[in-house]
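Below is one structure, written out as structure tokens; the observations come after it.
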Amino acid sequence: MSFHALGLSDELLAAVEDSGYTEPTPIQRQAIPLVLMGRDIIGVAQTGTGKTASFVLPMIDILAHGRGRARMPRSLIIAPTRELADQVAQNFLKYGKNHNLSMALLIGGVSFGDQDKALEKGVDVLIATPGRLLDQFERGKILLSGVDILVIDEADRMLDMGFIPDVERICSLLGPNRQSLLFSATMAPPIKKLADRFLKEPRMIEVARQSSTNANIAQSLLMTGPREKKQALRELLRAEEVTSAIVFCNRKRDVKELAESLKRDGFRAGQIHGDMEQRDRLSTLEDFKADRISILVASDVAARGLDIKGVSHVFNFDVPFNAEDYVHRIGRTGRAGKTGIAVTLVTSADAELVADIEKLIGARVERRGTVPQQDGGGAKSADKGAERDADAGRDAGRDADKDARPAGSRARGGKRARGGDRKPEAPRADPAPKAAPRSAREEEFDDGGWNGPLPDFLSVSARG
DNA sequence: AAAAAAG
């Protein structure tokens with residue numbers, strides 16, 4: 001089955017062909033004809049299923065005739081994060097290249113100037129995050145009564161982020177005669193309620209269960225101690241055929257520190273998290289897409305929806321707090337029919353989170369072995385069993401390690417240029433949380449210390 | 001235990 005059977009225009013089909021796609025995905029097959037007919041739809045689909053094109057393509061054809069009037073966009077797409085909004089915009093540019101549609105991206109973190117100008121001229125397609133959209137509305141820069149097509153993308157994520165009231169407010173500002181499309185990985189009750197209230201006789205399209213993980217992804221867990229995580233990650237990055245990897249951390253601070261640590265070790269690494277300037281977030285993504293960096297250290301800002309081709313590996317430096325985030329994180333690899341590898345570093349403190357994940361995905365994740373605790377590091381665990389295991393399991397651990405790492409990788413820590421003259425590496429414990437905002441100087445000091453060995457007596461006493 | 005989004 002090809003795109004030609006879906007009722008799209010020749011100009012659009014040409015653009016699709018140029019982009020290299022020949023066959024519509026299941027959600028595209030089901031959604032595109034319905035959207036072209038003017039129906040409301042609810043698309044229950046994971047990211048990576050071709051969801052974005054399933055609304056972008058028919059919208060381009062629907063909007064092909066007519067022009068947006070000043071401050072009155074003809075269509076509106078709401079997305080939960082700025083990067084997702086930008087990604088939708090990229091799709092409109094890619095597939096709309098043979099059309100003459102005007103578009104504006106209304107997201108936070110960028111100046112109002114260009115956005116104001118675009119709105120003033122009138123746009124056919126307005127893509128926005130909720131906060132900035134309402135902000136612009138309140139400033140009188142925008143009228144939503146002329147919107148003919150509304151798309152609510154990643155509604156489950158909007159729910160998680162507390163955006164549903166904003167979304168409801170936005171919906172209530174729209175005119176009554178419009179077509180509405182809602183996409184969500186789950187149909188949690190608040191999303192169902194939203195759909196009941198703002199959609200008209202929607203057709204439900206379901207593509208994959210939300211909790212199901214992609215069969216193309218080989219998942220495994222690597223048991224390790226909290227202080228061995230960085231070393232374990234470095235060895236994974238060297239041992240695996242890593243062409244392009246995303247490393248997820250739970251905290252923004254750790255994203256920063258880990259990215260800088262990897263860079264010092266010679267990895268082509270970059271970082272992305274919500275405390276960065278918007279332009280830096282986007283330029284890092286561009287660098288990653290263009291392979292100027294091969295490792296992207298990220299917070300959950302990058303967990304969902306980001307579609308980056310050829311991500312060979314996802315590493316969870318931290319086990320995510322929400323099991324659903326695990327599904328989304330590892331879904332950054334194994335996309336478009338390719339295989340992917342997802343390795344999660346697990347400490348004894350993460351047992352419950354792992355149990356949650358395995359319950360959600362309905363499968364046990366393979367344990368790929370144990371990174372032995374370092375000499376002098378075992379005492380850091382309050383759990384007596386962990387220390388005993390560190391000794392008793394040393395031989396067994398070596399065997400397991402052989403599968404995971406190339407021969408000789410064990411000695412690498414001491415062979416590296418940095419720290420080559422140092423004592424056997426005892427990776428430093430997580431830095432103590434800072435109560436007050438830190439000065440630039442403190443940050444600098446902290447970053448510099450990340451890789452340094454911590455005297456054993458200190459690490460022991462620091463943990464009690 | 002955190003992150004995300006409006007400044």
Side-chain angles (χ1 to χ4, degrees), chain A residues 47 77-88 105-113 115-116 127-142 152-170 173 184-185 226 229 246-259 271-282 284-285 296-306 316-329 332 344-357 382 429-435:
Chain A
T47 59
I77 296 126
I78 323 172
T81 68
R82 300 165 184 175
E83 277 75 15
L84 286 175
D86 186 70
Q87 198 165 278
V88 172
L105 188 58
L106 218 54
I107 59 175
V110 299
S111 74
F112 285 93
Q115 295 181 356
D116 285 357
I127 304 160
T129 46
R132 184 56 74 94
L133 178 66
L134 285 172
D135 196 350
Q136 290 280 32
F137 178 80
E138 271 146 26
R139 286 152 37 101
K141 296 287 180 187
I142 192 168
I152 303 168
D153 198 11
E154 308 255 335
D156 55 319
R157 183 90 195 271
M158 305 260 201
L159 176 66
D160 291 348
M161 293 167 66
F163 283 171
I164 294 296
D166 283 354
V167 173
E168 287 179 341
R169 168 112 200 278
I170 291 164
L173 298 170
S184 182
K229 276 184 172 185
I246 304 181
V247 180
F248 284 103
C249 299
N250 285 354
R251 295 167 192 80
K252 290 180 278 199
R253 187 191 66 202
D254 293 342
V255 169
K256 180 171 186 291
E257 286 168 345
L258 184 57
Q271 57 176 310
I272 184 164
H273 60 73
D275 276 355
M276 289 163 56
E277 293 279 346
Q278 188 57 29
R279 64 169 172 275
D280 293 337
R281 284 163 59 166
L282 288 174
T284 301
L285 274 183
L296 180 64
V297 186
S299 73
D300 279 321
V301 70
R304 303 198 190 199
L306 283 193
N316 287 313
F317 188 75
D318 299 309
V319 182
F321 293 123
N322 294 321
E324 281 182 18
D325 285 336
Y326 174 84
V327 177
H328 290 289
R329 284 182 180 186
R332 295 317 97 213
T344 300
L345 301 184
V346 177
T347 71
S348 57
D350 300 322
E352 218 167 303
L353 297 176
V354 169
D356 288 349
I357 288 166
D430 293 337
K434 301 284 188 293

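Here the structure is a predicted model, which means the values were calculated and not measured. Here is how names work: the chains are called A, B, and so on, in the same order as the sequence lines, proteins then strands, and each is numbered from 1.
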Any carboxylate oxygen within less than 4.0 angstrom of a Lys/Arg side-chain nitrogen, looking at A:D116 and A:R139?
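Salt bridge: yes.
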
Salt-bridge present (A:K229, A:E257; N to O < 4.0 Å)
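Looking at A:K229 and A:E257, the cut-off is not met.
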
Can you tell me the distance, in whole Å, between the [atom1] atom of [X] and the [atom2] atom of [N]?
| X | N | atom1 | atom2 | value |
| --- | --- | --- | --- | --- |
| A:E277 | B:dG7 | CD | P | 11 Å |
| A:Q278 | B:dA4 | CD | P | 11 Å |
| A:H328 | B:dA3 | NE2 | P | 18 Å |
| A:F137 | B:dA5 | CZ | P | 23 Å |
| A:E324 | B:dA4 | CD | P | 18 Å |
| A:L133 | B:dA4 | CG | P | 21 Å |
| A:F248 | B:dA1 | CZ | P | 23 Å |
| A:D350 | B:dA2 | CG | P | 14 Å |

A:R82 side chain near B:dA6 phosphate (N/O to OP1/OP2, under 4.0 Å):
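Yes, because at least one side-chain N or O of A:R82 sits under 4.0 Å from OP1 or OP2 of B:dA6.
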
For B:dA4, take OP1 and OP2 only and decide whether either is under 4.0 Å from a side-chain N or O of A:S299.
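So the side-chain polar atoms of A:S299 do come within 4.0 Å of the phosphate oxygens OP1 or OP2 of B:dA4, strictly under.
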
Does a sphere of radius 6.0 Å around CD in A:E352 hold more than 12 heavy atoms from other residues, nucleotides or ligands, not counting ones at 6.0 Å or beyond?
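No, CD of A:E352 has 12 or fewer neighbouring heavy atoms, counting only those of other groups under 6.0 Å.
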
Which nucleotide in [options] has an atom nearest any side-chain atom of [X]:
| X | options | result |
| --- | --- | --- |
| A:R132 | B:dG7, B:dA5, B:dA3 | B:dG7 |
| A:R251 | B:dA2, B:dA4, B:dA5 | B:dA2 |
| A:H273 | B:dA5, B:dA4, B:dA6 | B:dA4 |

How is [X] classified with respect to the nucleic acid when contacts are heavy atoms under 4.0 Å: base, sugar-phosphate, or nothing?
| X | value |
| --- | --- |
| A:R281 | sugar-phosphate |
| A:G109 | sugar-phosphate |
| A:P80 | sugar-phosphate |

For A:G109 against A:R132, the heavy-atom pair lying closest together
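In this case the closest contact between A:G109 and A:R132 is N-NH2, 3.5 Å.
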
For A:D350 and A:L345, work out which heavy atoms get closest and say how close.
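Looking at all heavy atoms of both residues, the shortest contact is OD2-O, 4.2 Å.
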
Does A:N322 make a side-chain donor-acceptor contact with the base of B:dA2, cut-off 3.5 Å?
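Flag set: donor-acceptor pair detected.
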
